[in-house]
Amino acid sequence: MSAEVFPALLAASTDPAGLRLLPTAGVPAEAEDDPRTRTTDPVPAAPETDGGENSGEESTAQEVEESEAHDLHAPEIRILGPVEVTGVDSTGHGPRIAQLAALLYFRPGRGADILCSDMDPVSPWSASTLTRLQGLRRSLGSDPAGNPYVPRRRSGDDPYRLSPGVRCDWTRFLQLAERALPLGPAGLPDLERALALVRGRPFGGRPLPWAEPYQQEMITRIIDVTHTVATYRTPAGPHHDPSAARQAVATGLDVDDPAELLYRDWMRIEAAAGNRQGLHTAVTRVQQVNRALDCSLELATEQLINDLLNGSSAAVRIQDPQFRCQ
């Protein structure tokens with residue numbers, strides 16, 4: 001969580017003002033990329049619930065837990081932030097071994113030449129460097145039946161892979177999010193559990209080239225979930241929770257700092273809470289980010305600023321004329 005980058009967001013006043021900004025049911029009005037319509041998952045997504053009477057918060061959480069109950073102690077690859085793997089050190093060769101584990105998880109069935117190139121396109125690994133797989137095998141260990149989580153190849157032609165029992169936080173994120181999204185506000189607990197898995201930008205700040213398409217997909221999905229949570233948590237009503245809304249937005253901005261959709265969510269949160277200072281902080285922050293990128297605010301952002309500030313003299317807080325809303 002970006003408590004250092006967005007302290008004003010997380011520490012803002014939570015006094016509700018009762019401003020109903022968006023409906024509390026259905027698809028969020030500003031959802032620009034509905035994750036339920038995608039067909040490009042890097043890993044298979046869990047099937048959606050039928051949305052019937054028993055598809056509430058408790059059954060959703062229970063189904064997700066039961067789907068993983070068969071091997072809760074299996075090693076996990078965590079890529080929703082810097083790459084981490086159960087049992088793999090964060091020093092020495094550990095980070096590279098962790099990246100190798102992530103590569104095997106997302107791109108199984110590759111031969112030695114492709115793996116060596118994917119691990120370093122500029123200076124490909126040598127075949128001898130792949131002996132680090134032995135260290136990965138030792139780190140991950142074996143399942144309860146004694147089978148290694150990094151299976152041994154029977155011949156030189158066999159591809160490299162991981163055991164299907166190895167877990168990944170991205171798969172968990174998808175399970176939670178895709179089961180919860182069809183439920184509307186009733187899915188909020190699982191959406192927030194999904195966001196709680198996010199530790200920062202997927203694959204860290206400098207992913208290997210093979211991981212870049214996956215990173216972009218993950219960022220988009222995280223922004224979708226963040227916006228959905230903020231949309232449901234902001235308006236007055238049974239799901240109103242400014243603190244949870246701010247927490248979600250801070251998570252999303254930690255992943256994608258220039259995401260103006262989330263800054264608009266942040267502004268709505270502070271407006272609904274009657275927190276004028278927090279509103280100005282959000283406006284100033286998005287202005288600073290766009291100025292650093294040398295680009296103008298989106299029209300929707302400019303219009304929202306005008307609407308929320310009511311054309312008052314407070315608009316002078318946007319100091320750069322390029323970003324001033326007339």
Side-chain angles (χ1 to χ4, degrees), residues 1-6 10 33 35-36 38 40-46 60-61 64-65 67-68 71-72 74-90 94-108 136 139-140 162 165-181 187-230 244 246-259 261-262:
M1 182 56 57
S2 184
E4 296 180 359
V5 180
F6 304 103
L10 295 177
D33 192 0
R36 285 168 285 171
R38 293 170 182 264
T40 57
D41 294 340
V43 293
T60 300
V64 174
E65 292 294 342
S67 70
E68 296 186 346
D71 198 359
L72 290 177
E76 182 180 42
I77 298 172
R78 295 177 291 276
I79 50 75
L80 294 177
V83 180
E84 299 176 350
V85 178
T86 303
V88 175
D89 292 337
S90 59
R96 297 296 277 170
I97 293 176
Q99 291 174 344
L100 177 59
L103 172 59
L104 291 173
Y105 184 86
F106 283 90
R107 289 189 168 185
L136 179 62
S139 296
L140 299 190
L162 298 178
V166 174
R167 298 176 298 148
C168 181
D169 57 355
W170 172 238
T171 304
R172 175 71 165 161
F173 181 98
L174 286 178
Q175 289 174 333
L176 288 165
E178 296 194 359
R179 289 175 186 269
L181 283 168
L188 274 168
D190 277 346
L191 293 179
E192 290 166 345
R193 291 172 68 197
L195 288 180
L197 298 172
V198 180
R199 298 173 290 110
R201 197 167 180 85
F203 294 100
R206 300 180 62 183
L208 291 172
W210 72 264
E212 291 176 354
Y214 297 100
Q215 183 190 60
Q216 291 305 311
E217 169 71 9
M218 292 171 189
I219 290 172
T220 300
R221 290 292 189 103
I222 292 168
I223 298 305
D224 289 345
V225 172
T226 298
H227 174 60
T228 302
V229 170
R246 291 188 184 98
Q247 187 85 2
V249 170
T251 297
L253 290 177
D254 200 24
V255 169
D256 190 18
D257 192 25
L261 174 66
L262 300 187

Trainee: Counting distance only, does the side-chain N/O of Asp169 pair as donor-acceptor with the main-chain N or O of Leu80 below 3.5 Å?
Mentor: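 Flag set: sc Asp169 to bb Leu80 pair under 3.5 Å.
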Trainee: Taking 4.0 angstrom as the limit, do Arg193 and Asp190 come out as a salt bridge?
Mentor: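 A salt bridge is present here (some side-chain N lies under 4.0 Å from a carboxylate O).
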Trainee: I want to check something: taking the side chain as every heavy atom from C-beta on, are Val225 and Val198 in contact at a cut-off of under 4.5 Å?
Mentor: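 When only atoms from C-beta onward are counted, Val198 and Val225 do not touch, as no gap falls below 4.5 Å.
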Trainee: Looking only at heavy atoms, what is the nearest atom pair of Val85 and Ala101, with distance?
Mentor: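 Shortest heavy-atom separation between Val85 and Ala101 comes out as CG2-CB, 3.9 Å.
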Trainee: Taking side chain as C-beta onward, heavy atoms only, is Asp224 less than 4.5 Å from Leu181?
Mentor: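 No; the side chains remain at least 4.5 Å from each other.
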Trainee: Between Pro202 and Ile219, is any pair of side-chain heavy atoms under 4.5 Å apart?
Mentor: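 With C-beta onward as the side chain, the pair touches.
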Trainee: Looking only at heavy atoms, what is the nearest atom pair of Pro95 and Ser90, with distance?
Mentor: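 For Pro95 versus Ser90, the nearest heavy atoms are CG-O, 3.5 Å.
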Trainee: Would Leu104 and Val166 satisfy side-chain contact (heavy atoms from CB on, under 4.5 Å), going step by step from the backbone distance to the final call?
Mentor: CA-CA 11 Å; Leu104 291 173; Val166 174; over 6 Å; no
Trainee: Is there side-chain contact between Phe203 and Met218, with heavy atoms separated by less than 4.5 Å?
Mentor: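 Yes, side chains in contact.
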Trainee: Sort and list the pairs that fulfil salt bridge (charged side-chain N to carboxylate O under 4.0 Å, His left out) and have at least one residue in residues 200-210, not counting sequence neighbours.
Mentor: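 Residue pairs with at least one partner in residues 200-210: there are none.
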Trainee: Only counting residues at least two apart or in another chain, list the ones meeting side-chain hydrogen bond (donor to acceptor under 3.5 Å, both in side chains) with Arg96.
Mentor: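 Applying side-chain hydrogen bond (donor to acceptor under 3.5 Å, both in side chains) to Arg96 gives Gln99.
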Trainee: Could you list all the salt bridge (charged side-chain N to carboxylate O under 4.0 Å, His left out) pairs where at least one residue sits in residues 75-84, not counting sequence neighbours?
Mentor: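 Listed by first then second residue: Glu76-Arg78, Arg78-Glu84, Glu84-Arg199.
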Trainee: So do the side chains of Thr226 and Leu261 get within less than 4.5 Å of each other, counting heavy atoms only?
Mentor: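 No, side chains not in contact.
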Trainee: I need the minimum non-hydrogen distance between Asp254 and Gly200, along with the two atoms involved.
Mentor: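 That closest heavy-atom pairing would be OD2-CA, 4.0 Å.
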Trainee: Given side chains that start at C-beta, do those of Leu162 and Pro108 come closer than 4.5 Å, heavy atoms only?
Mentor: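 A side-chain contact is absent here, since even the closest heavy-atom pair is not under 4.5 Å.
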Trainee: For Ala259 and Ile223, which heavy atoms make the closest approach, and how far apart are they?
Mentor: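 Looking at all heavy atoms of both residues, the closest pair is CB-CD1, 4.3 Å.
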Trainee: So, for Val229 and Ala248, which heavy atoms are closest and what is the spacing to 0.1 Å?
Mentor: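 Closest approach of Val229 to Ala248, heavy atoms only: CG1-CB, 3.7 Å.
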Trainee: Return the minimal non-hydrogen interatomic distance between Pro213 and Pro209, and the atom names on each side.
Mentor: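 Heavy atoms only, the tightest pair is CD-O, 3.6 Å.
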Trainee: Under 3.5 Å, is there a donor-acceptor pair between the side chain of Arg167 and the main chain of Ala74?
Mentor: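 The answer is yes, because a donor-acceptor pair under 3.5 Å joins these two groups.
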Trainee: Should the pair Trp210 and Tyr214 be assigned to parallel (<30°), tilted (30 to 60°) or perpendicular (>60°) ring geometry?
Mentor: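 Trp210 vs Tyr214 ring planes: perpendicular.
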Trainee: Can you tell me how far CG of Leu176 sits from CG of Leu195, rounded to the nearest 0.5 angstrom?
Mentor: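 Those atoms lie 10.0 Å apart.
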Trainee: Does the side chain of Thr171 reach to within under 4.5 Å of the side chain of Tyr105, using non-hydrogen atoms?
Mentor: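 Side chain of Thr171 against side chain of Tyr105, heavy atoms only: contact under 4.5 Å found.
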Trainee: How long is the straight-line distance from CD1 of Ile222 back to CD of Glu217, given to the nearest 0.5 Å?
Mentor: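 Rounded to the nearest 0.5 Å, the CD-CD1 separation comes to 10.0 Å.
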